Amino acid sequence: MADTPFLGRFVWYELITTDMKAAEAFYSEVVGWTVAPFPGAAQPYDLWHRAGNVPIGGVMKVPEGVNWPPHWVMYVGVPKIEDAVTRIERLGGKTLSEVINVPTVGRLRVMLDPQGGMFAIYEPSSMPTTSEADAEVGDIAWRELYTTDAQAAMSFYTELFGWRPTEAFDMGPMGQYYMFGRQFPLGGMMTKTGEMAHLPTFWGLYFRVPDVDAGAERVKAHGGKVLNGPMEVPGGDRILQCMDTQGAAFSLYQRKG
């Protein structure tokens with residue numbers, strides 16, 4: 001699979017939930033997004049927009065007959081779906097869905113990494129003309145993988161997408177935290193502790209807000225739960241880990257300064 005600037009780029013984020021309208025009201029208040037229908041969708045599908053009317057993701061209902069809890073999915077760009085699937089399977093990953101064609105938009109497929117972490121790959125109908133940029137307020141600012149073997153996961157994703165390991169730091173009883181990036185830092189990976197063993201392997205998403213303390217109050221005021229924080233992380237940024245009103249996990253992120 002040819003290495004292109006689009007390969008490995010984070011391109012979309014999607015909430016799969018049990019109540020679209022309730023979720024839309026919650027995130028609009030907590031993160032500040034606006035919502036608009038996706039024109040021509042075969043089933044109800046709405047778009048999240050940050051300030052400037054910039055689309056960053058979508059929301060849809062859990063498909064009928066599918067026993068999934070509410071959750072967020074991240075989409076990673078690939079030049080060609082078939083080549084990406086071949087490489088994922090060679091590296092020990094699996095397919096979780098058929099190829100889904102979205103007219104005029106592109107093709108996508110949901111996958112599992114070798115430790116069971118879910119992600120989606122996306123081949124656009126036409127390559128984006130905008131350059132990759134660091135997160136603005138309202139964007140996804142960090143992606144965090146909780147897995148059974150962080151070093152193996154890092155090897156999988158760096159070989160698959162060309163992500164670049166950056167640095168690791170010791171979190172004491174939590175173990176090592178491994179970070180990765182492209183032109184700038186993008187996320188981290190850690191091996192689940194014994195206390196987290198009951199949790200599935202999953203990617204957590206951090207939404208950038210101006211103030212996580214105010215964000216915590218908005219989460220609670222609108223029916224969500226604060227699970228951990230607000231707290232400062234190495235480097236001076238501050239985070240807050242939460243659950244929305246339908247049970248999907250998410251986090252808020254505030255830049256230092």
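Everything numeric here is computed off the predicted structure, so don't read it as measured data.
Note: Trp48 and Phe207 fail the aromatic proximity criterion, with ring centroids not under 6.0 Å apart. Residues Tyr27 and Trp72 bring their aromatic ring centres within 6.0 Å.
To the nearest 0.5 Å, atom CD1 of residue Ile100 and atom CG of residue Leu108 are 4.5 Å apart. Separation of atoms CD (Gln246) and OG1 (Thr18) is listed at 4.5 Å; rounding is to 0.5 Å. The structure places CG of Leu240 at 8.5 Å from CG of Asp213, a figure rounded to the nearest 0.5 Å. We find the CG-CE distance between Asp113 and Met189 to be 8.5 Å, quoted to the nearest 0.5 Å.
In terms of heavy-atom proximity, Asp244 sits nearest to Phe250 at N-CE2, 3.6 Å. In terms of heavy-atom proximity, Pro44 sits nearest to Met60 at O-CB, 4.0 Å. Here the shortest heavy-atom pairing between Val62 and Val66 reads CG1-O, 3.5 Å. The nearest pair of heavy atoms linking Asn101 to Pro103 is O-CD, 3.6 Å.
Paired with Leu252 under the rule side-chain contact (heavy atoms from CB on, under 4.5 Å), one option of Val31, Asp211, Ile239, Val226 passes, and it is Val31. Just one residue in the list Lys80, Arg109, Arg107 forms a side chain to side chain donor-acceptor pair (under 3.5 Å) with Glu123, and that residue is Arg107. In summary, of the residues considered (Arg182, Arg208, Arg255), a salt bridge (Lys or Arg N to Asp or Glu O under 4.0 Å) with Asp134 occurs for Arg255 alone.
Between Tyr177 and Trp142, the ring planes are parallel. Angles under 30° get that label, and only those over 60° would be called perpendicular. The aromatic rings of Phe119 and Phe161 lie perpendicular to each other, with more than 60° between the two planes, well past the 30° mark. By the 30° and 60° cut-offs, the orientation of the rings of Phe180 relative to Trp163 is parallel. Below 30°, between 30° and 60°, or above 60°: for Phe10 and Tyr13 the angle between ring planes is below 30°, a parallel geometry. Ring geometry, Tyr146 versus Phe202: the interplanar angle falls under 30°, so the pair is classed parallel (tilted spans 30 to 60°).
At least one donor-acceptor pair closer than 3.5 Å links the side chain of Arg218 to the backbone N or O of Glu29.
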